[in-house]
Amino acid sequence: MTAPLPVRPPDPPGEPAPTLSKTPAEAAPEAHSGTPAHRRPSRLLAPLRETGKLFALGLAVARAIFRRPFQLREFIEQFWFVASVTILPAALVSIPFGAVIALQVGSLTQQLGAQSFTGGASVLAVIQQASPIIVALLISGAAGSAICADLGSRKIREELDAMEVMGVSPIQRLVVPRVLATMLVAVLLNGLISVVGTLGGYFFNVIMQNGTPGAYLASFSALAQLPDLYVSELKALIFGFIAGIVAAHRGLNPRGGPKGVGDAVNQSVVITFMLLFFVNMVLTAIYLQIVPAKGG
């Protein structure tokens, strides 16, 4: 026969049950403002994680562009939508932009006694800087917000999850046509804004500042060169790609239901503006270092 196991006597009434003591290393995380220790590093790494997801989406879209089948009907619909909401605002905004640049440059050249260079300086400012910036603002503000809201609403209705269950890639089916549409519309809008802005600057310089048409055109042909137009179109193409990718990324990752979709739209516009201004600075610096000035 085996001996019975010893039984621990019950604790006397009125005495608390014994608790295990915690080391200072274990007790320190709980005493830190009520925030669990495992959540603090994740909050610090959240911006890096979002940046990585954004770059991963950009690479996935770049690879999916050359895959079949290409969603031609979706691309045409998105191209028409983006163009319809941006053409008229682009034409209306480019006129005051060209006028302000022409008036400011004309006033400065009059002070310096170099009125003959007003046309070249103002047109170069419109083509190289103002036109791509206007395209970026319109594409991200009008088209990008609509793309983000559309994808975000599909996400909270679980349409994207249903597409993945059926074996359809949401990136191939929805994101790629929208990104290509923003890129193509951005390139075309850049040409429209360059022409309208140049005509607006010409009108205000000749009419309001008593400039001569011959000097305006002569200075433009003396200072401008074809790579100026190339870099302007390249900027517009890159800006359209960035605007489409950021809008798609925020639309695919909303938080908090319908309110989260509205927050994602605001975040997409702000993030796009920040990225576009930074990329514009980098591209301008590289262009000025690589391409020599005409006559230099």
Side-chain angles (χ1 to χ4, degrees), residues 50-51 53-65 67 70-90 93 132-164 168-190 192-193 235-277 279:
E50 291 297 324
T51 304
K53 291 180 180 179
L54 182 63
F55 277 95
L57 179 61
L59 293 177
V61 171
R63 291 195 301 266
I65 289 176
R67 294 178 183 173
F70 180 73
Q71 305 296 329
L72 181 60
R73 180 176 180 179
E74 185 75 17
F75 168 73
I76 295 175
E77 291 178 355
Q78 294 301 318
F79 174 83
W80 176 252
F81 169 74
V82 176
S84 63
V85 299
T86 54
I87 286 180
L88 183 59
V93 170
I133 291 297
I134 295 174
V135 169
L137 298 179
L138 291 175
I139 290 294
S140 59
S145 59
I147 292 173
C148 182
D150 179 38
L151 295 177
S153 61
R154 291 172 183 264
K155 180 67 175 179
I156 64 174
R157 291 197 304 263
E158 300 182 353
E159 293 183 14
L160 303 183
D161 298 334
M163 293 177 63
E164 293 179 354
V168 179
S169 173
I171 295 178
Q172 179 75 23
R173 179 65 177 82
L174 299 176
V175 178
V176 170
R178 286 162 171 77
V179 173
L180 288 178
T182 56
M183 294 171 64
L184 183 57
V185 172
V187 173
L188 299 179
L189 275 183
N190 186 71
L192 173 65
I193 295 172
K235 285 182 180 181
L237 185 68
I238 295 176
F239 292 168
F241 179 78
I242 293 176
I245 291 296
V246 174
H249 171 68
R250 296 307 305 143
L252 295 175
N253 300 279
R255 297 188 182 94
K259 182 179 182 301
V261 176
D263 295 338
V265 171
N266 296 333
Q267 293 172 6
S268 68
V269 174
V270 174
I271 294 173
T272 304
F273 283 1
M274 296 173 60
L275 288 177
L276 293 179
F277 282 108
V279 172

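Hydrogens, waters and symmetry mates are skipped; everything else that's a heavy atom, side chains included, is used. Small disclaimer: the values here were computed from a predicted structure and weren't measured.
- Heavy-atom minimum distance, G244 versus T182: CA-OG1, 4.0 Å.
- Here the closest heavy-atom approach between residue R63 and residue R67 is recorded as O-CG, 3.6 Å.
- Counting all heavy atoms, side chain and backbone alike, A247 lies closest to G144 at CB-O, 3.2 Å.
- In terms of heavy atoms, Q78 sits closest to P177 at CB-O, 4.4 Å.
- Residues L57 and N253 form no side-chain contact, since every pair of their non-hydrogen atoms from C-beta on lies 4.5 Å or further apart.
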Does the pair L137 and V93 meet the rule for a side-chain contact (heavy atoms from CB on, under 4.5 Å), with working shown? CA-CA 11 Å; L137 298 179; V93 170; over 6 Å; no

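- Counting heavy atoms from C-beta outward, C148 and L151 have side chains that stay 4.5 Å or more apart.
- In this structure, CZ on F55 lies 11.0 Å from CD1 on I245, to the nearest 0.5 angstrom.
- Inter-residue side-chain proximity for P132 and N190 is flagged as met; some heavy-atom pair is nearer than 4.5 Å.
- With contacts defined as side-chain heavy-atom distances shorter than 4.5 Å, the pair L252/H249 does not qualify.
- Residues passing the side chain to side chain contact (heavy atoms under 4.5 Å, CB included) test with L180, sequence neighbours excluded: I65, F70, F75, V176, M183.
- The CG atom of L276 sits 11.5 Å away from atom CD1 of I271, with the distance rounded to the nearest 0.5 Å.
- F241 places a side-chain heavy atom less than 4.5 Å from the side chain of V179.
- Taken from CD1 in I139 to CD1 in I147, the straight-line distance is 8.0 Å, to the nearest 0.5 Å.
- Taken to the nearest 0.5 Å, the CD atom of Q71 stands 4.5 Å off from the CZ atom of R173.
- Within the 4.5 Å cutoff, the side chain of L188 has heavy atoms near those of the F79 side chain.
- Shown here are the side chain to side chain contact (heavy atoms under 4.5 Å, CB included) partners of I156, two or more places apart in sequence or in another chain: P254, P258, V261.
- Using a distance-only test at 3.5 Å, with no hydrogens or angles considered, no donor-acceptor pair links the side chain of S268 to the main chain of V246.
- One distance of note links CG of D161 with CZ of R154; it measures 13.0 Å at 0.5 Å rounding.
- A64 and I171 get closest at one heavy-atom pair: CB-CG2, 4.5 Å.
- Annotation: side chain of F239 is not in contact with side chain of T272 (no heavy-atom distance under 4.5 Å).
- Closest approach of A236 and A186 over heavy atoms only: O-CB, 3.3 Å.
- Separating the CD1 atom in I133 from the CZ atom in F273 is a distance of 10.0 Å, to the nearest 0.5 Å.
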